Amino acid sequence: MYQTKAYAATSPTSGLSVTTIPRRDPGEHDVVVEILYCGICHSDLHHVRDEFQPMMPTRYPYVPGHEIIGRVSTTGSAVTKHKVGDIVGIGCMVESDGTCKHCLAGNEQFCPNITITIGWPDRHGTAPQTYGGHSQSIVVHEHYVLRIPSSLNLAAAAPLLCAGITSYAPMRLRNVSEGKKVGIVGLGGLGHMGVKFAHALGAHVVVLTTSPEKRADALRLGAHEVVLSTDANEMQKHAASFDFILDTVSATHDLNALVNLLGVDGNLTLVGISTKPFELAGPSLLFGRRSIAGSNFGSIAQTQEMLDFCGQHNITADVEVIPIQRVNEAYDRLAKNDVKYRFSVDMSSLSAE
């Protein structure tokens, strides 16, 4: 076991401050990663401030960060997938049992014994729970460590490990491709990635937003059309025409209006985390064989596929790079949606603490 610097919250109101945390010594299949950049996800904000009560209460101290880009500094004796000096990524999970039906099918994200990167019981006993990427280094089994294409800007690649795969996975499941009409609800961290992926996959992309001032940016990111969802006339023009809609909004909103946009066999997938129930009119689903689904992050194989796709199409997140010393300011701004579209923390700044 060794100690490394990190930024942690000690209560819902404490903010983040420098501390030291334990990391396990690497086993034969482990990789030690020096963290270079770490994105800030909206779920980090909710967890730090314990806003997922009672569904997912936060345990403190809490070290956030699950959009990790780093450099391999040490490998275990049996590691074959990575070598010292490789640039790698670590996303939302760092372990699973490897034996359940989901793991055997290559869907580790559904494993009942999964270990999430932050705030999850630490099966190695190094600490009471797993600590995330707002730290100098992390130790992870090689299977859960991903290759980062050399063509990508590293700071802007960090959010691909959560926002990227969370947007990409349901699009691949629903066969988003040329000739499909795709809606993206919300233009934030997840939504802006959804626009980029849908465009690169060849779909006709429509951004659905309540903010008319986002029209120009949506078009810049790759949307073909922008619809103001508060305008009933605009919405009616698109009724029963979408093959797929990705809903990235976590705030309470009207799902019925979105379902009515779906064509026959159209699907609405929710990726924004809402803790409040939705109201839904059954007939809007029945007539047209429409469906609503949820989706989280993808498997390790699919995350690697997504990263390779990003390398081929030069896709990264739009980021504002900050030092770790400004992380509390960034959290306050994120709470006000004051970022385009993701913060990426330069973790080299932690060495100054």
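Just so you know, these numbers come straight off a predicted model, no measurement behind them.
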**OP:** I would like to know whether Q304 and D308 meet side chain to side chain donor-acceptor pair (under 3.5 Å); could you show each step before the answer?
**Re:** CA-CA 6 Å; Q304 188 62 63; D308 294 340; 3.1 Å; yes
Subject >> Pair K83 + D86, salt bridge at N-O below 4.0 Å >> reply: yes
Original post:
Does E213 CD have over 12 foreign heavy atoms under 6.0 Å away?
Top reply: yes
Subject >> Basic-acidic side-chain contact under 4.0 Å: R49, D332 >> reply: yes
**OP:** Flag yes if more than 12 heavy atoms outside R147 fall under 6.0 Å of its CZ atom; otherwise flag no.
**Re:** no
Subject >> Minimum heavy-atom distance between A6 and S135, given as atom pair plus value >> reply: CB-CB, 3.7 Å
Original post:
Using 30° and 60° as the class limits, which term best fits the ring planes of H46 and H42: parallel, tilted or perpendicular?
Top reply: tilted
Original post:
Please walk me through it: do M193 and L190 pass side chain to side chain contact (heavy atoms under 4.5 Å, CB included)?
Top reply: CA-CA 5 Å; M193 292 306 311; L190 288 170; 6.0 Å; no
Original post:
Does the pair Y168 and Q302 meet the rule for a side chain to side chain donor-acceptor pair (under 3.5 Å), with working shown?
Top reply: CA-CA 9 Å; Y168 181 86; Q302 190 174 60; over 6 Å; no
Original post:
In terms of the angle between their ring planes, are H224 and H204 parallel, tilted or perpendicular, with boundaries placed at 30° and 60°?
Top reply: parallel
Subject >> Gap between atom NE2 of H66 and atom CD1 of I116 - 0.5 Å precision >> reply: 9.0 Å
Original post:
How many angstroms lie between atom CD1 of I324 and atom CG of L16, to the nearest 0.5 angstrom?
Top reply: 7.0 Å
Original post:
For F297 and I114, which heavy atoms make the closest approach, and how far apart are they?
Top reply: CZ-CD1, 4.1 Å
What pairs of donor and acceptor atoms, side-chain ones from residues 233-240 against any protein atom, are under 3.5 angstrom apart with sequence neighbours left out?
residue, atom, partner, partner atom, Å
E234, OE1, L228, N, 3.4
H238, ND1, K181, NZ, 2.9

Original post:
In terms of side-chain geometry, is the basic nitrogen of D30 or R24 positioned less than 4.0 Å from the acidic oxygen of its partner?
Top reply: yes
**OP:** Give a yes or no on whether R123 atom CZ has more than 12 heavy-atom contacts from other residues, nucleotides or ligands under 6.0 Å away.
**Re:** yes
**OP:** State the CG-OG distance between N256 and S284, to the nearest 0.5 angstrom.
**Re:** 5.0 Å
Original post:
Hey, are the side chains of T248 and T166 touching, using non-hydrogen atoms and a 4.5 Å cut-off?
Top reply: no
**OP:** Decide side chain to side chain donor-acceptor pair (under 3.5 Å) for E108 and Y144; before the verdict, give the C-alpha distance in whole Å, the side-chain angles of both, and the deciding distance to 0.1 Å.
**Re:** CA-CA 10 Å; E108 306 94 335; Y144 305 89; 5.7 Å; no
**OP:** Using the ring pair (Phe, Tyr, Trp, His ring centres under 6.0 Å) rule, pick out the option among Y60, Y331, Y62 that qualifies with H47.
**Re:** Y62
Subject >> Spatial distance of atom CG (L270) from atom CD1 (I245) [nearest 0.5 Å] >> reply: 10.5 Å
**OP:** Look at the rings of F110 and H102 and say which category their plane angle falls in: under 30° parallel, 30 to 60° tilted, over 60° perpendicular.
**Re:** perpendicular
**OP:** Kindly determine whether I69 and M347 satisfy side chain to side chain contact (heavy atoms under 4.5 Å, CB included), including the steps that lead there.
**Re:** CA-CA 10 Å; I69 297 286; M347 294 308 302; over 6 Å; no
**OP:** Kindly give the heavy-atom pair with the smallest separation between G191 and I184, and that separation in Å.
**Re:** O-CG2, 3.5 Å
Original post:
Would you find more than 12 non-hydrogen atoms of other residues, nucleotides or ligands less than 6.0 Å from H199 atom NE2?
Top reply: no
Subject >> Partner of E320 by salt bridge (Lys or Arg N to Asp or Glu O under 4.0 Å), out of R342, K340, R326 >> reply: R326
**OP:** Measure across P22 and M1 and return the closest heavy-atom pair with its distance rounded to 0.1 Å.
**Re:** CB-SD, 3.7 Å
Subject >> Heavy-atom pair of closest approach, residues P170 and V271 >> reply: CG-CG1, 4.4 Å
**OP:** Any chance you could measure N314, atom CG, to L152, atom CG, to the nearest 0.5 Å?
**Re:** 7.0 Å
Original post:
Out of curiosity, W120 CH2 to N113 CG, how far, rounded to the nearest 0.5 Å?
Top reply: 11.0 Å
Original post:
Shared ILVMFWY cluster between V63 and V33, side chains joined below 4.5 angstrom?
Top reply: no
Original post:
Thinking salt bridges, do D318 and K196 make one under a 4.0 Å N-O criterion?
Top reply: yes
**OP:** Check step by step if side chain to side chain donor-acceptor pair (under 3.5 Å) holds for R23 and S137.
**Re:** CA-CA 8 Å; R23 295 293 194 194; S137 67; 5.1 Å; no
